[in-house]
Amino acid sequence: MERTALKCLKWGLLFACVDIRIDSANIEILPTFVGMMLFYASIQVHSHRTQAEERIKPLFLILAADHFLHWIWEYENGVEGLLRAVIYVYAIYVLTGETAGRVREYQPDQAGRLESVRVAMVLVHMFSFLVSSYGNVVLNFLAIFAAVGVWGTFAVVLWGIRPEETME
């Protein structure tokens, strides 16, 4: 994987997953829309983009615009939230699959871990969606705990990938 694309992917993960806010003003320090733009940039800087990457590029722009609107104007819409979650899970699933494909030849162990994590991400998001409407504290805690674990694992795997220039 190219160094710049990998950097954008790593920083995108940080912005997309870490939610730090100034509570008194409810200002998000690491805005999610920046993470979506970094995911888009990760695809854009590849010298050889795949068809799947070309297909999901506009989805990251849509997600960035949606998160930007939520950043400047707080509102909730159940249907829009569900649609955003489905688009996000699909786009991240495809992006991680393409990343695993790019590193498989030189780093097969990392590619295998990334494949496992991408499946776990989809399962955890589905579990979270299914249990969130019940208002069960224990199930919601399990969903949050699982999501943090999966995203933490994703970060560890992603940081273990070496850029192409250092591969032999």
Side-chain angles (χ1 to χ4, degrees), residues 1-46 53 56-57 59-78 80-100 102-103 110-111 113-132 137 139-163:
M1 189 142 187
E2 296 148 357
R3 183 177 300 279
T4 306
L6 192 56
K7 281 183 183 179
C8 288
L9 192 59
K10 289 175 182 178
W11 281 103
L13 178 68
L14 180 72
F15 275 83
C17 296
V18 177
D19 188 15
I20 301 173
R21 294 178 178 269
I22 298 175
D23 222 11
S24 60
N26 199 22
I27 296 172
E28 192 175 9
I29 302 298
L30 300 173
T32 306
F33 72 89
V34 174
M36 298 301 121
M37 291 304 297
L38 286 166
F39 288 148
Y40 176 83
S42 174
I43 296 169
Q44 192 65 27
V45 298
H46 280 303
E53 288 174 327
I56 63 169
K57 266 187 359 180
L59 297 179
F60 283 117
L61 289 178
I62 290 168
L63 288 169
D66 183 66
H67 282 288
F68 179 73
L69 288 175
H70 281 277
W71 187 64
I72 60 172
W73 179 43
E74 253 185 73
Y75 64 93
E76 288 297 321
N77 180 337
E80 180 257 344
L82 175 61
L83 186 60
R84 180 180 62 224
V86 168
I87 292 171
Y88 180 68
V89 168
Y90 172 73
I92 291 295
Y93 184 80
V94 172
L95 183 61
T96 53
E98 294 301 312
T99 303
R102 286 183 187 279
V103 301
Q110 291 299 92
R113 289 183 190 116
L114 199 53
E115 289 287 343
S116 299
V117 170
R118 77 191 279 240
V119 170
M121 281 191 292
V122 170
L123 293 175
V124 165
H125 274 84
M126 287 174 42
F127 174 73
S128 298
F129 172 73
L130 292 174
V131 302
S132 65
V137 175
L139 289 177
N140 287 339
F141 175 76
L142 285 175
I144 290 168
F145 186 74
V148 169
V150 166
W151 283 106
T153 304
F154 181 44
V156 168
V157 170
L158 196 59
W159 260 264
I161 296 174
R162 294 181 319 268

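To the nearest 0.5 angstrom, L13 atom CG is 5.5 Å from W159 atom CH2. Atoms OG1 and NE2, on T99 and H46 in that order, are 6.0 Å from each other to the nearest 0.5 Å. Atom-to-atom distance recorded for L95:CG and E98:CD is 8.0 Å, nearest 0.5 angstrom. For the atom pair CD1 of I62 and CD1 of I56, the computed distance is 12.0 Å after rounding to the nearest 0.5 Å.
Between V117 and T96 there is no side-chain heavy-atom pair separated by less than 4.5 Å. Y88 is listed as a side-chain neighbour of M36, based on a closest heavy-atom distance under 4.5 Å. Between L158 and L6, the closest side-chain pair of non-hydrogen atoms falls below 4.5 Å. Side-chain contact between L38 and L14: absent, with no pair of heavy atoms (C-beta onward) separated by less than 4.5 Å. Contact of the F154 side chain with the L114 side chain is registered, since non-hydrogen atoms from C-beta on lie closer than 4.5 Å. Side chains of I92 and F39 form a contact here, defined as non-hydrogen atoms less than 4.5 Å apart.
A pairwise comparison of heavy atoms in A64 and M37 identifies CB-SD, 3.6 Å as the closest pair. In terms of heavy-atom proximity, Q110 sits nearest to V157 at NE2-O, 2.9 Å. Between V103 and A111, the shortest heavy-atom contact is CG2-CB, 4.0 Å. What you find for K10 and I161 is that their closest heavy atoms are NZ-O, 4.0 Å. Contact record, F127 with L139: CE2-O, 4.1 Å, taken as the closest heavy-atom pair. Nearest approach of S42 to A5, heavy atoms of both residues: OG-O, 3.0 Å.
Side-chain rings of F60 and Y40 stay apart, their centers remaining 6.0 Å or farther from each other.
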> Can E80 and R84 be said to form a salt bridge (charged side-chain N to carboxylate O under 4.0 Å, His left out), step by step?
Replying inline: CA-CA 6 Å; E80 180 257 344; R84 180 180 62 224; 3.2 Å; yes
>> What verdict does the side-chain contact (heavy atoms from CB on, under 4.5 Å) test give for W11 and V34, after you've listed the backbone C-alpha separation in whole Å, the side-chain angles of each residue and the deciding distance to 0.1 Å?
In response: CA-CA 9 Å; W11 281 103; V34 174; over 6 Å; no
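Residue Y75 places its OH atom among more than 12 non-hydrogen atoms of other residues, nucleotides or ligands, all under 6.0 Å distant. Taking a 6.0 Å sphere around CH2 of W73, one finds it holds 12 or fewer heavy atoms contributed by other residues, nucleotides or ligands. K7 NZ: 12 or fewer foreign heavy atoms inside a 6.0 Å radius.
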